[in-house]
Visitor: 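Questions regarding the structure given below will be posed in turn.
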Amino acid sequence: MRSANPGADFGLKLVLDIEQDEYIPFLQTTAAARLILHQQRSFPFVKDLGIYAMPGTETSIAVLVDQLEHMEAPYSACTTDGSDIPVKNLYAQYNSSYSIQSCLRSCYQEQMVQTCHCAYYQLPLPDGSEYCNNKVHPDWVPCYYSLRDSVAVRENCISLCHPPCNDSNYKMVISMADWPSVGAEDWIFHVLSYEKKSSPDITVNRNGIIRLNIYFQEFNFRNIAESAATNVVWLLSNLGGQFGFWMGGSVLCIVEFGEILIDCMWITILKLLAWNKDRKQRRRRPQYTDAPPTVSELVEAHTNSGFQHEDSDPAGMGIPGTPPPNYDSLRVNPDAVNDIGSDDEEF
């Protein structure tokens with residue numbers, strides 16, 4: 001069924017008879033109709049997600065639709081269709097799409113089969129298993145309650161089941177009024193009794209009938225989609241804007257900074273190579289603790305065998321190298337000086 005316009009006149013109208021007279025005492029203490037709004041391919045979990053409609057009233061429900069789109073990993077842990085969830089969706093056999101409620105119940109049913117060796121009768125039956133029977137499985141009831149009250153099992157299923165990435169949320173605005181009114185209840189009860197049992201006698205009353213009006217409050221929907229707060233493009237743009245605003249930087253400044261960094265790295269490499277080369281050369285040279293001798297000290301050491309340098313160690317080794325020349329040959333003979341002087345006088 002399709003709705004052409006928003007408003008109560010273009011919605012779904014129902015009259016329900018809950019037949020409260022047939023309720024079994026001690027088993028049902030609430031008299032109402034329970035309903036749920038859901039997507040067409042999602043399984044309706046009325047007991048957990050439904051709302052009540054009270055008998056003897058006309059309940060109007062105005063619907064607003066919100067479509068939610070969550071981002072996938074690494075931004076969130078949502079799943080697209082449940083194929084990446086380690087829990088098999090048992091509700092897929094009913095042509096139902098993935099939901100977190102179906103995943104939680106499928107996980108609980110798997111734990112039930114593994115622990116109690118049978119399946120719970122109110123949940124879909126897994127392949128290769130059977131429903132619990134008192135004759136075949138006499139201890140399944142205490143096993144079921146211990147498993148249901150286990151916090152570890154509940155937390156394990158919650159950690160395995162992830163919410164869907166795309167989902168629809170129905171917001172309902174509910175209003176109620178007495179129905180039927182005092183002036184109209186006589187003929188309304190006659191009409192409803194005739195439609196129910198084709199009898200002129202009144203077989204319905206105020207305690208068993210409910211009128212529902214479900215319609216769209218607005219003929220549009222709201223799409224709420226997640227987006228990344230900052231991506232690579234926005235990050236570079238923000239950095240460039242802040243850098244240009246606070247430091248007056250531009251692309252040319254960035255290039256100059258890069259050139260300076262490259263020059264510093266190149267100079268550092270050259271310095272390290274030069275230092276390594278000089279270190280190797282120093283290792284090859286002989287090491288001496290004393291300062292090198294002067295020429296006069298070398299001459300004195302050659303002419304005087306008993307001469308010792310002030311800083312030299314007598315017990316140490318001698319100064320290596322070629323011995324100095326014999327400077328005695330350069331000294332002037334006194335006899336020769338006298339002969340030269342006498343010759344000058346004779347001249």
Visitor: Hey, does L64 have a side-chain heavy atom less than 4.5 Å from the side chain of F216?
Guide: no
Visitor: Take atom CG in L27; do more than 12 heavy atoms of anything else shown fall under 6.0 Å from it?
Guide: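 Yes, because the 6.0 Å sphere around CG of L27 holds more than 12 heavy atoms from other groups.
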Visitor: After noting the C-alpha distance and the side-chain angles of C161 and C103, does the key distance pass the disulfide (SG to SG under 2.5 Å) rule?
Guide: CA-CA 6 Å; C161 297; C103 179; 2.1 Å; yes
Visitor: Given 3.5 Å as the limit, does a donor-acceptor pair link the side chain of S237 with the main chain of V233, or not?
Guide: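 Not confirmed, S237 side chain does not pair with V233 backbone.
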Visitor: Find the distance between CD1 (I51) and CG (L49) and round it off to the nearest 0.5 Å.
Guide: 11.0 Å
Visitor: What residues join L239 in its hydrophobic cluster, counting side-chain heavy atom gaps under 4.5 Å, either direct or through other members?
Guide: L235
Visitor: Would you say the ring centroid of Y120 lies under 6.0 angstrom from that of Y144?
Guide: yes
Visitor: Does the pair D149/R154 count as a salt bridge with the N-to-O cut at 4.0 Å?
Guide: no
Visitor: Using only the SG atoms, decide whether C118 and C132 are less than 2.5 Å apart.
Guide: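 Yes, disulfide present: SG-SG under 2.5 Å.
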Visitor: Counting distance only, does the side-chain N/O of T59 pair as donor-acceptor with the main-chain N or O of A53 below 3.5 Å?
Guide: no
Visitor: Under 4.5 Å side-chain heavy-atom separation, chaining through any Ile, Leu, Val, Met, Phe, Trp or Tyr, what else clusters with I269? Say none if it is isolated.
Guide: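 Besides I269, the cluster holds L273.
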Visitor: Which atom names give the shortest non-hydrogen contact between C165 and E72, and what distance separates them?
Guide: SG-CG, 3.8 Å
Visitor: With the side chain counted from C-beta on, respond yes when I210 and M54 share a heavy-atom pair under 4.5 Å apart, and no when they do not.
Guide: no
Visitor: Are F43 and Y91 close enough that their ring centres sit under 6.0 Å apart?
Guide: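 Under 6.0 Å, so yes.
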Visitor: Does CD in E259 sit with more than 12 non-hydrogen atoms of other residues, nucleotides or ligands closer than 6.0 Å?
Guide: no
Visitor: Tracing side-chain links under 4.5 Å among I, L, V, M, F, W and Y, which residues wind up in one group with V87?
Guide: I85, Y98, L160
Visitor: Can you tell me if S168 and Q39 form a side-chain donor-acceptor pair at under 3.5 Å?
Guide: yes
Visitor: Do P124 and Q93 come close enough that some side-chain heavy atom pair is under 4.5 Å?
Guide: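 Yes; the side chains approach each other to less than 4.5 Å.
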Visitor: Have N133 and W140 got a donor and an acceptor in their side chains that come within less than 3.5 Å?
Guide: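 Result is no, nothing qualifies.
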Visitor: Between K13 and E58, does any NZ, NE, NH1 or NH2 come within less than 4.0 Å of an OD or OE carboxylate oxygen?
Guide: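 So E58 does not pair with K13 through a salt bridge.
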Visitor: Could you pull out all residues at least two apart from D186 that satisfy side-chain hydrogen bond (donor to acceptor under 3.5 Å, both in side chains)?
Guide: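 Applying side-chain hydrogen bond (donor to acceptor under 3.5 Å, both in side chains) to D186 gives H190.
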Visitor: Among all residues two or more places apart in sequence or in another chain, which pass the side-chain hydrogen bond (donor to acceptor under 3.5 Å, both in side chains) test with D167?
Guide: none
Visitor: Taking ILVMFWY side chains as joined if any heavy atoms are under 4.5 angstrom apart, and letting links pass through other members, which residues group with I202?
Guide: V15, W179, W187, I188, F189, V191, L192, V204, I209
Visitor: Any carboxylate oxygen within less than 4.0 angstrom of a Lys/Arg side-chain nitrogen, looking at E185 and R206?
Guide: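 Yes, charged N to carboxylate O under 4.0 Å.
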